[in-house]
Amino acid sequence: MKIIDGKKIAESFREQLKEKIKNFPKKIGLAVVIVGQDPASKIYVRNKVKACESVGICSFVYELSETITQEELENCLVKLANDKAVDGILLQLPLPKGFDAESAMSKIPCEKDVDGFSAYDLGHLVLNKSKFVACTPLGVMKMLEYENVDLTGKHAVVLGRSDTVGKPMALLLLNANATVTVCHSKTKNLKEICKTADVLVSAIGKANFVTNDMVKDGAIVIDVGMNRDEQGKLCGDVDFYGVSEKASLITPVPGGVGPMTITMLLYNTVKAAELSL
């Protein structure tokens, strides 16, 4: 069993990005818009700003009160869409109750949608022609590439069907020539399906849900979950110690997929800047 070190892989990507940014003909800018005072969202935004600074990307943070109107939020996004200093725009989700996230997201032009959440990018992912891919699934693919995993012909099982992780993850694996099964809360015989997986990706948000008896010997297990266990300790969807007895490759939580998600945001922002030249 080998642990996939997400921190180490993310650091190697950031070093490459730092070199690219150093020699770039203009300053690269990422605008982050956050509405309200959600503590988790504020931490995420702070981490994104720090990550930008670490590679030389200029970050612009717009902290908006949750008392603003939908129209005011959308006007802010339109202004950023027209700002040449801004290469990428990230709207921190979830938005407070009462806001229409889909409508707000539609104001972010596809060439600045570095989160890869737009209908345009998801549609192009189906055609295997996407400009930007959602950061977490893209991070998983880059980790597998780094570990020289050839997905051709492998059976990949994805647990979860969210628009931001599960669905794009399944499409990326399919585009890499894996045979893909997507499981969700209504799936029957879940354990039996998981046991057939050469690659198992869990993105369901249930602490320690994937156990040793759900995994076949030699499987590659990618844990996208970020949960708290009964003791309040950070953990993933996968029972790491039990499953690591069987897995050939496994990601830990923390230190696995997490560092790659923010790094892929930087990667997408640099790509947006390159495409704007």
Q: Without hydrogens or angle criteria, can the side chains of Thr179 and His155 be said to hold a donor-acceptor pair below 3.5 Å?
A: no

Q: Work out which heavy atom in Cys135 is nearest to a heavy atom in Asn268; give both atom names and the distance.
A: SG-ND2, 3.9 Å

Q: Applying side-chain contact (heavy atoms from CB on, under 4.5 Å), run through Val140 and Val224 and close with a yes or a no.
A: CA-CA 9 Å; Val140 170; Val224 180; 4.2 Å; yes

Q: State the OG-NZ distance between Ser276 and Lys112, to the nearest 0.5 angstrom.
A: 8.0 Å

Q: Verify side-chain contact (heavy atoms from CB on, under 4.5 Å) between Arg228 and Cys235, making sure each step is shown before the conclusion.
A: CA-CA 6 Å; Arg228 297 275 173 188; Cys235 68; over 6 Å; no

Q: Report the residues that fulfil salt bridge (charged side-chain N to carboxylate O under 4.0 Å, His left out) with Lys191, sequence neighbours left out, ordered by chain and then residue number.
A: Asp213

Q: To the nearest 0.5 Å, what is the distance between CG (Asn189) and SG (Cys194)?
A: 11.0 Å

Q: Could I get the full list of salt bridge (charged side-chain N to carboxylate O under 4.0 Å, His left out) partners for Lys2, not counting sequence neighbours?
A: Glu147

Q: Could you grab the distance from atom OG1 of Thr261 to atom CE of Met226, nearest 0.5 Å is fine?
A: 7.5 Å

Q: Verify the distance criterion only: is there a donor paired with an acceptor across the side chains of Asp223 and Thr251 at less than 3.5 Å?
A: no

Q: Heavy atoms, side chains only, cut-off 4.5 Å: are Asn128 and Leu174 in contact?
A: no

Q: Would you say the side chains of Gln92 and Lys42 form a donor-acceptor pair under 3.5 Å?
A: no

Q: With rounding to the nearest 0.5 Å, note down the distance linking CE in Met169 to OG1 in Thr164.
A: 12.5 Å

Q: Taking Ser248 for the side chain and Gly218 for the main chain, is one N or O donor matched with an acceptor at less than 3.5 Å?
A: yes

Q: For Glu192, look at atom CD and say whether over 12 heavy atoms of other residues, nucleotides or ligands are found less than 6.0 Å away.
A: yes

Q: Could you tell me which non-hydrogen atom of Ala81 sits nearest to which non-hydrogen atom of Pro109, and how far apart they are?
A: CB-CD, 3.4 Å

Q: Hydrophobic clusters join Ile, Leu, Val, Met, Phe, Trp and Tyr when side-chain heavy atoms are under 4.5 Å apart, directly or via other members; which others share one with Leu95?
A: Val33, Val35, Phe60, Tyr62, Leu64, Ile68, Leu73, Leu77, Leu80, Val86, Ile89, Leu91, Leu93, Phe99, Met105, Ile108, Phe117

Q: Report, as yes or no, whether the 6.0 Å neighbourhood of atom CZ on Phe24 holds more than 12 heavy atoms from other residues, nucleotides or ligands.
A: yes

Q: Got a salt bridge between Lys97 and Glu66, using NZ or NE/NH1/NH2 to carboxylate O under 4.0 Å?
A: no

Q: Please determine whether the number of non-hydrogen atoms from other residues, nucleotides or ligands lying under 6.0 Å from atom NZ of Lys7 exceeds 12.
A: no

Q: Under a 4.0 Å N-O cut-off, is there an ion pair linking Asp163 with Lys167?
A: yes

Q: Working to the nearest 0.5 Å, report the span between CD of Glu145 and CG of Leu151.
A: 9.0 Å

Q: Are any non-hydrogen side-chain atoms of Lys186 and Arg161 less than 4.5 angstrom apart?
A: yes

Q: Linking I/L/V/M/F/W/Y whenever any side-chain heavy atoms sit under 4.5 Å apart, do Phe132 and Val165 land together?
A: no

Q: Is Lys48 reaching over with its side chain to a backbone N or O of Ile262, donor-acceptor style, under 3.5 angstrom?
A: no

Q: For the residue pair Pro168 and Ser162, what are the closest heavy atoms and their distance?
A: CD-O, 3.8 Å

Q: Decide whether Glu53 and Ser59 meet the rule of one side-chain donor and one side-chain acceptor closer than 3.5 Å.
A: no

Q: Using only atom types and a distance under 3.5 Å, with no angle test, would you say the side chain of Glu74 pairs donor to acceptor with the backbone of Glu71?
A: no

Q: Assigning hydrophobic clusters by single linkage (Ile, Leu, Val, Met, Phe, Trp, Tyr; side-chain heavy-atom cutoff under 4.5 Å), is Tyr120 placed with Leu122?
A: no

Q: Using the rule that Ile, Leu, Val, Met, Phe, Trp and Tyr join whenever any side-chain heavy atoms are under 4.5 Å apart, tell me whether Val199 and Val253 fall into a single cluster.
A: no

Q: In terms of heavy-atom contacts, does NZ of Lys154 have more than 12 from other residues, nucleotides or ligands at under 6.0 Å?
A: yes

Q: Using modelled atom types and a 3.5 Å cut-off, is there a donor and acceptor pairing between side-chain atoms of Glu111 and backbone atoms of Leu275?
A: no

Q: For Asp87, enumerate each residue passing the side chain to side chain donor-acceptor pair (under 3.5 Å) test, keeping only those at least two apart in sequence or located in another chain.
A: Lys26

Q: In Å, rounded to the nearest 0.5 Å, how long is the span from OH of Tyr267 to CE of Met260?
A: 10.0 Å

Q: Is Asp198 close to Lys216 at the side-chain level, that is, under 4.5 Å between some pair of heavy atoms?
A: yes

Q: If you take all heavy atoms of Ala176 and Met141, which pair is closest and at what distance?
A: CB-CE, 3.8 Å

Q: With sequence neighbours excluded, tell me which residues meet salt bridge (charged side-chain N to carboxylate O under 4.0 Å, His left out) with Lys18.
A: Glu15

Q: Less than 4.5 Å apart, any side-chain heavy atom of Glu19 and any of Leu17?
A: no

Q: Can you tell me if Asp229 uses its side chain to pair, donor with acceptor, with the backbone of Asn208 under 3.5 Å?
A: no

Q: Could you go step by step and tell me if Ile222 and Ile4 meet the side-chain contact (heavy atoms from CB on, under 4.5 Å) rule?
A: CA-CA 9 Å; Ile222 306 293; Ile4 303 176; 4.0 Å; yes

Q: Hey, are Asn227 and Asp237 close enough side-chain-wise for a donor-acceptor pair under 3.5 Å?
A: yes

Q: Is the side chain of Asp121 donor-acceptor paired with the backbone N or O of Gly116 at a distance under 3.5 Å, no angle test?
A: no

Q: Heavy atoms, side chains only, cut-off 4.5 Å: are Cys58 and Ile28 in contact?
A: no

Q: Do the side chains of Val270 and Leu277 join up, straight or via other hydrophobic residues, at under 4.5 Å, putting them in one cluster?
A: yes

Q: Any side-chain donor-acceptor pair under 3.5 Å between Asp100 and Ser103?
A: no

Q: Could you tell me whether a side-chain N or O of Asp239 sits under 3.5 Å from a main-chain N or O of Thr211, the two making a donor and an acceptor?
A: no

Q: Do Ile220 and Leu144 touch side chain to side chain, with heavy atoms closer than 4.5 Å?
A: yes

Q: Hey, are the side chains of Tyr146 and Lys142 touching, using non-hydrogen atoms and a 4.5 Å cut-off?
A: no

Q: Membership question, hydrophobic clusters at under 4.5 Å side-chain separation (ILVMFWY): are Val61 and Leu266 in the same one?
A: yes

Q: When clusters are formed from ILVMFWY side-chain contacts under 4.5 Å, directly or step by step, what else is grouped with Ile250?
A: Met1, Ile3, Val157, Leu159, Leu190, Ile193, Leu200, Ile204, Phe209, Val210, Met214, Val215, Val221, Val238, Phe240, Tyr241, Val243

